[in-house]
Amino acid sequence: MSSPRFVSSPPPPSGDAVQRRPAKSRFTYKQLSQLANYSTTTPLRTIAHVDLDAFYAQCEMVRLGVDKDQPLAVQQWGSLIAINYPSRKFGIGRFNTAAEAKALCPDLICQHVATWKEGETKWAYHDDSFKNMGSHKVSLDPYRLESRRIMATFKETLPKDFQRIEKAGIDEVFIDLSAQVHSILLDRYPELSGPPPYDDPSECLPWPSGSVIDWQADNVIDLDSKETEIDDPDWDDICLAVAAEIARDLRKAVWDKLNYTCSAGLARNKMLAKLGSATKKPNGQTVVRNRAVQQFLSTFKFTKIRNLGGKLGDEAVAMFDTDLVSDLLKLPIEQLKRLGDDTGSWLFETIRGHDQSEVNPRTKIKSMLSAKSFRPPINSFEQGVRWLTIFAADIFSRCVEEGVLENKRTPKTINLHHRHGGSVRSKQIPIPQGKTITEKILLDLSKNLLAQVVVEGRCWPCANLSLSIGGFEDNVIGNMNIKGFLMSAEQMKQIQEKGSLEEDVESDSEDEKARKRQKTEDHGIKRFLGGGLSRQASSDKPEPEVGTLQETSNGYREVDGLNVCVKCGEIIAEDDQTEHADWHFAKELDEENNHAIINSRPQINQQKTTPGLPAGKSRGRSGAVSRAKVEKGQQRLMFKNG
Ligand code: CTP
Ligand code: CA
Ligand code: CA
């Protein structure tokens with residue numbers, strides 16, 4: 001895309017240009033003032049999306065102190081999960097195995113991710129971890145820590161009154177710069193400070209004085225065909241130019257302080273900003289001016305647009321027999337509504353560059369999960385406890401890191417999912433309130449939960465264990481009595497001696513069975529939209545290959561900062577992941593006519609509507625854990641030579 005570095009100065013006062021130029025700006029005083037309170041409807045709205053380049057790879061480069069031109073990839077078991085830009089020149093991608101990549105570039109450094117070694121309480125970089133998938137568990141802590149430092153740098157760099165930042169994934173943020181831009185405009189352009197003529201906010205603003213914009217090294221998207229570069233920049237262009245300065249400062253701060261490069265997109269909404277940030281990687285920033293939106297969008301396949309990368313996009317491609325934005329633009333809204341009324345309307349607006357979703361500073365996390373699939377499976381309580389030790393340490397360190405302890409936001413429940421053959425057992429107990437959580441408390445509770453499973457018998461071999469804490473919202477346990485879960489000393493002794501207790505598995509009450517049936521049926525009609533239209537994947541990345549043996553953790557992989565369910569491709573908010581996994585579980589059970597034990601799960605959050613979704617749409621809910629699980633921020637990995 002060829003781009004002018006500058007928007008031209010006002011044209012000479014002759015001919016066409018004079019006639020085309022209206023007396024005043026296209027924008028009103030009201031639209032300007034709306035910037036100050038982050039209105040999502042003002043056409044002057046100014047959003048940034050900032051995404052770290054090859055993030056995990058950069059983390060390793062910084063940690064190892066390697067030269068910026070050194071090809072480096074991050075390896076997880078035999079696969080690659082991040083590839084730095086020097087190695088991309090060799091044609092290496094996430095689709096390659098570590099061995100293939102080495103063949104393409106013998107100089108490549110393949111750094112394995114950090115792992116927790118079975119029984120240890122701290123993750124580390126182990127030289128032999130790639131050979132020990134059975135006894136190691138991947139840790140993304142190093143990247144989470146760097147992510148936090150980067151976030152902190154963004155916050156330090158932005159004025160403290162203007163910090164509307166949404167962390168949209170481990171390596172990306174949206175920032176609503178509207179209010180900051182507004183304040184800078186008032187400072188710089190005295191013509192804006194007076195009251196509107198006749199005190200009428202619907203009056204148009206005067207033209208900006210001094211209309212040369214210095215875009216510096218920015219990639220400025222070409223204007224739509226009906227627009228011309230000699231048109232004067234209006235206030236929307238000025239807003240983006242100011243935003244571009246801010247983005248440059250943010251990127252520079254991250255570089256100066258932490259040595260990471262990132263790329264940015266500046267536009268009037270999140271969708272366009274996100275597409276923009278991916279346009280000039282690495283270390284570039286792209287400005288999508290309002291008058292360039294149509295041109296910019298028409299260069300994309302619509303499957304590249306946020307929320308159209310997954311099932312919805314596929315469905316649209318199949319239905320309209322095209323993947324081009326330009327083809328869809330020709331269709332009337334009624335045609336698009338064949339996808340459903342809400343979806344059709346949303347799509348109609350989206351391909352025209354409209355998106356009013358808010359930048360939502362979700363600072364509070366709602367749940368955390370740590371899990372591991374075992375191949376070979378594990379066979380004793382003791383072995384289970386060794387993994388629980390890791391899970392508890394993992395979750396605890398994330399509690400600390402998230403500032404949960406300082407905020408005195410203690411989770412209310414702890415859950416254990418245990419998989420044995422075709423059945424998953426799910427146990428949950430309240431976390432005692434009123435005292436600060438410690439690693440030991442988490443470990444003791446999780447041991448208690450595992451013991452409950454063991455007490456029920458028939459639990460070995462175990463193919464998957466997962467521990468989660470949650471209930472930061474109203475996720476309290478109904479009328480369960482904690483004493484009901486505690487084992488007698490005799491039972492505990494028996495477990496320690498024999499590894500299990502021979503006891504009958506509790507059968508479900510009729511109520512419980514009816515509830516499960518209902519749950520399964522409720523979701524039989526669930527379609528992609530229910531999983532979150534505005535949060536659905538835009539998987540610009542190739543689909544990871546799925547092999548028989550995977551590093552499995554929580555059933556989600558991060559695509560463009562969203563947690564995508566590996567089973568159905570839906571985007572699931574972090575706090576809804578357990579629920580969603582439960583739905584899959586129930587569905588699978590139903591399909592296989594299988595029997596599983598799901599104990600005493602409270603019914604929570606029914607019909608919860610996700611912000612940004614069309615009203616009335618809901619998503620999955622509670623039950624047990626699903627089978628194939630992937631840690632957040634990781635892809636499902638193909639296991640070779642296993
Ligand atoms: N990631 C992953 N699995 C995926 C997608 C992403 O494990 N399917 C991890 C990657 O390791 C990556 C980080 O999440 O480093 C951020 O992902 P993304 O921004 O999509 O890619 P980057 O590697 O940062 O590369 P880019 O420069 O294209 O942003
Ligand atoms: Ca990235
Ligand atoms: Ca990203």
Side-chain angles (χ1 to χ4, degrees), residues 48-63 68 71-89 92-96 98 101 110-114 138-147 150-151 154 166-175 251 254 260-265 270 273-286 304 306 309-310 535 537-547 550-566 569 571 628-638:
H49 180 259
V50 187
D51 185 282
L52 275 290
D53 303 319
F55 181 51
Y56 295 177
Q58 279 204 84
C59 290
E60 296 301 343
M61 290 170 77
V62 167
R63 184 180 69 85
K68 69 175 177 36
L72 179 147
V74 179
Q75 181 181 349
Q76 180 177 313
W77 315 133
S79 302
L80 300 182
I81 57 171
I83 292 103
N84 75 354
Y85 281 82
S87 31
R88 292 190 199 188
K89 292 191 185 128
I92 300 168
R94 283 200 187 118
F95 40 85
N96 289 122
C110 276
Q111 174 60 49
H112 199 280
V113 294
V138 164
S139 171
L140 297 180
D141 275 12
Y143 312 135
R144 290 198 194 98
L145 290 166
E146 290 309 287
S147 176
I150 292 163
M151 277 295 281
F154 287 147
E166 173 179 333
K167 192 166 195 284
I170 194 164
D171 78 330
E172 61 193 272
V173 291
F174 288 105
I175 311 175
R251 290 173 47 233
V254 170
Y260 294 116
T261 66
C262 45
S263 300
K270 287 165 80 174
K274 167 112 185 160
L275 280 175
S277 71
T279 306
K280 204 180 161 210
K281 268 184 168 283
N283 201 21
Q285 63 180 50
T286 297
K304 298 286 179 208
R306 202 163 80 101
R535 291 171 166 240
S538 73
S539 46
D540 336 30
K541 308 288 180 233
E543 269 301 291
E545 290 172 275
V546 176
Q550 295 138 10
E551 167 66 4
T552 61
S553 279
N554 73 355
Y556 298 89
R557 106 190 121 81
E558 188 178 278
V559 177
D560 294 332
L562 300 168
N563 300 308
V564 180
C565 172
V566 294
I571 301 299
K629 302 261 144 198
V630 184
E631 191 157 332
K632 188 184 164 204
Q634 293 178 359
Q635 54 189 334
R636 294 177 76 165
L637 295 167
M638 185 165 62

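Remember, it's 1-based here, ligands and their atoms both numbered in the order they're listed. It should be emphasised that the depicted structure is a prediction, and the values quoted were computed from it without experimental measurement.
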(message) Please list, in number order, the atoms of ligand 1 under 4.0 Å from a heavy atom of Asp53.
(response) 27 (O)
(request) Check each heavy atom of Glu60 against ligand 1 and say whether those closer than 4.0 Å belong to the side chain, the backbone, both or neither. (result) neither
(message) Angle at the Ca ion (ligand 3), OE2 of Glu172 to OD2 of Asp51, rounded to 10 degrees, please.
(response) 90°
(request) Please say whether Ala57 places an N or O atom under 3.5 Å from an N or O atom belonging to ligand 1. (result) no
(message) With a cut-off of 3.0 Å, does Leu52 put an N/O/S atom close enough to the Ca ion (ligand 2)?
(response) yes
(message) For Tyr143, which part has a heavy atom under 4.0 Å from ligand 1: side chain, backbone, both, or neither?
(response) neither
(request) Step by step, work out the salt bridge (Lys or Arg N to Asp or Glu O under 4.0 Å) result for Glu166 and Lys270. (result) CA-CA 11 Å; Glu166 173 179 333; Lys270 287 165 80 174; 2.9 Å; yes
(request) Using a 4.0 Å heavy-atom threshold (strictly under), name the region of Val74 that reaches ligand 1: side chain, backbone, both or neither. (result) neither
(request) Report yes or no: does Gln58 have a heavy atom closer than 4.0 Å to ligand 1? (result) no
(request) Might you point out which heavy atoms bring Arg251 and Gly284 nearest each other, and give the distance in Å? (result) NH2-N, 3.6 Å
(message) Does any part of the side chain of Ser263, heavy atoms only, come nearer than 4.5 Å to the side chain of Asp51, both counted from C-beta?
(response) no
(request) Would you name the heavy atoms of Tyr260 and Gln58 that are closest together and state the gap between them? (result) CA-OE1, 3.3 Å
(message) Can you name the atoms of ligand 1, numbered from 1 with element, that are less than 4.0 Å from a heavy atom of Ala54?
(response) 22 (P), 23 (O), 24 (O), 25 (O), 26 (P), 27 (O)
(request) Check Asp171 and report its N/O/S atom nearest to the Ca ion (ligand 3), by atom name. (result) OD1
(request) Mark up the atoms of ligand 1 that fall under 4.0 Å of a heavy atom belonging to Tyr85, in ascending order. (result) 26 (P), 27 (O), 28 (O)
(request) Kindly give the heavy-atom pair with the smallest separation between Lys68 and Met61, and that separation in Å. (result) O-CE, 3.7 Å
(request) Check ligand 1 against Ala82 and write out every atom of the ligand that is under 4.0 Å from a heavy-atom position of the residue. (result) 11 (O), 15 (O)
(message) Closer than 4.0 Å to some heavy atom of Phe55 - which atoms of ligand 1 meet that?
(response) 15 (O), 22 (P), 23 (O), 24 (O)
(message) Below 30° counts as parallel, above 60° as perpendicular, anything between as tilted: where do the rings of His112 and Trp77 land?
(response) tilted
(request) With heavy atoms of Asp171 as the reference, note each atom of ligand 1 found under 4.0 Å away. (result) 16 (C), 19 (O), 24 (O)
(message) Does either side chain, that of Lys167 or that of Ser147, offer a donor lying less than 3.5 Å from an acceptor on the other one?
(response) yes
(request) Indicate the atoms forming the closest heavy-atom contact of Cys110 with Ala98, along with that distance. (result) SG-CB, 4.2 Å
(message) Is a donor from one side chain sitting under 3.5 angstrom from an acceptor on the other, for Glu60 and Tyr143?
(response) yes
(message) Which heavy atom of Ile81 sits nearest to which heavy atom of Tyr56, and what is that distance?
(response) CD1-CD1, 3.6 Å
(request) Report, in ascending order of atom number, the atoms of ligand 1 lying under 4.0 Å from any heavy atom of Arg88. (result) 25 (O), 26 (P), 27 (O), 28 (O)
